[in-house]
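Read the structure below first, then the notes.
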2 protein chains.
Amino acid sequence: MTRANEAWESLMKAYAALTKQFNAEDVWGELTMREYDVLYQLSKCDSPLRMSELNRHVLLSQPALSRMVDRLVERGYLDRRPDPGDRRGVRLSLTPAGRETQRAIGLPHARSVTRALSVLTPEELDQLAAITGKLSQSEE
Amino acid sequence: MTRANEAWESLMKAYAALTKQFNAEDVWGELTMREYDVLYQLSKCDSPLRMSELNRHVLLSQPALSRMVDRLVERGYLDRRPDPGDRRGVRLSLTPAGRETQRAIGLPHARSVTRALSVLTPEELDQLAAITGKLSQSEE
DNA sequence: TAATGACTTATGCGTTTGCATCTATCCTAA
DNA sequence: TTAGGATAGATGCAAACGCATAAGTCATTA
């Protein structure tokens, strides 16, 4: 077992443990965690996002994301309109209700995250962010 | 945005990017990545594992795991038998075919992992393993 | 400008998932 | 010993998923 494999296994284990814990918390309201993730990704952009771009940040297949967006539009959280510059594509953004819902869930969830990671020192948090940042960057 | 939240987001992003990359590689044969994970977890234990114990290591709901085990038993990868000490429970282990399949997939996959994490120095790999280890430990 | 191939999103379809619940067994204490 | 609650795993069912592919648009080149 190489160092790299141990590190990856440990990362997966931490991801699974934390994800399960966050999922079990009673903060998600009318959304699933995956749906919240879509709203969160959109909340970070002020200009509308392309489906394909959003798909890069979400752990879902393209068809699954397409249908999840369907449902979120239907339910009034998302605005989907044709991209004027490229008629193949769409531009996605949060509706006011979507933004509101994202905030309402994001606040308590952010507190859970802070609490769960409070076993790490500030230095360790910085190291973790730096190292994982390096990993996702190398994929592009 | 606190340090903790930045670290968690960066961890999620790295997990998503790497998972997608590994999933796209042509090493999984007749298994999905999730199924492989079950076989891998079992390959690490020499004594049979309880379903509930296995469930702690896998990112699946209890019913979903129960049925996935069903299918893996059906397909000849897993052996499921009643636990003699607790008649509510079952004891899961790999069949020879299951062990063989796990190895056949595990080898090339481990190489992919090594390659993907080769952007990190040995020190960074150790730090990553230590920090994420601390995170999953604090959940127990 | 017409043809070819790449790209973006949507849809058909069979499989898998999660939630709620059920059954069976275990454990504790009256 | 037996009633009540906890725990382990399985099952019914609707919702969501991934794979393969379709439909529409763009970009290149002949």
side-chain hydrogen bond (donor to acceptor under 3.5 Å, both in side chains) with [X]: which residues, sequence neighbours excluded?
| X | value |
| --- | --- |
| B:Arg87 | none |
| A:Asp126 | B:Arg3 |
| A:Ser10 | B:Thr132 |
| A:Arg75 | A:Glu35 |

Measure the spacing between OG of A:Ser112 and CG of A:Asn23 and express it to the nearest 0.5 Å.
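These two atoms lie 11.5 Å from each other.
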
Mind checking the CZ-CZ spacing from B:Arg81 to B:Arg91? Nearest 0.5 Å is all I need.
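If I round to the nearest 0.5 Å, the distance is 9.0 Å.
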
Identify whether the distance between the nearest side-chain nitrogen and carboxylate oxygen of B:Asp86 and B:Arg50 falls below 4.0 Å.
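Yes, charged N to carboxylate O under 4.0 Å.
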
What side chain to side chain donor-acceptor pair (under 3.5 Å) pairs are there with at least one residue in residues 63-73 of chain B, not counting sequence neighbours?
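Found B:Asp70-B:Arg80.
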
According to the side chain to side chain donor-acceptor pair (under 3.5 Å) rule, which pairs have a member within residues 93-111 of chain A, sequence neighbours left out?
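Listed by first then second residue: A:Tyr36-A:Gln102.
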
Position toward the 5' end of DNA chain D (nearest nucleotide), B:Arg56 or B:Asp70
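It is B:Arg56 whose nearest nucleotide is closer to the 5' end.
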
Which residues within residues 75-83 of chain B lie with some heavy atom under 4.0 Å of an atom in DNA chain D?
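Those residues are B:Arg80.
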
Would you jot down, in residue-number order, the residues of residues 45-53 of chain B having a non-hydrogen atom under 4.0 Å from DNA chain D?
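B:Arg50, B:Met51, B:Ser52 - these, ordered by number, are the residues of the stretch whose heavy atoms sit under 4.0 Å from the strand.
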
Give the B/S/- string for nucleotides 17-25 of chain C, one per nucleotide from 5' to 3', where a protein heavy atom under 4.0 Å of the base yields B, of only the sugar-phosphate yields S, and otherwise -.
SBBB----B

Start and end of chain B contact along DNA chain D [non-hydrogen atoms, under 4.0 Å]
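In short, chain B contacts DNA chain D from D:dT7 to D:dC13.
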
Show me the side-chain donor-acceptor pairs of residues 56-63 of chain A shorter than 3.5 Å, one per line, residues at least two apart or across chains.
| residue | atom | partner | partner atom | Å |
| --- | --- | --- | --- | --- |
| A:Arg56 | NH1 | A:Glu53 | OE1 | 2.5 |
| A:Ser61 | OG | A:Ala64 | N | 3.2 |

Could you list the residues that satisfy salt bridge (Lys or Arg N to Asp or Glu O under 4.0 Å) with B:Arg34, not counting sequence neighbours?
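Here no residue qualifies.
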
Just checking B:Phe22 against A:Trp8, ring centres under 6.0 Å apart?
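Yes, the ring of B:Phe22 comes within the 6.0 Å limit of the ring of A:Trp8, centre to centre.
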
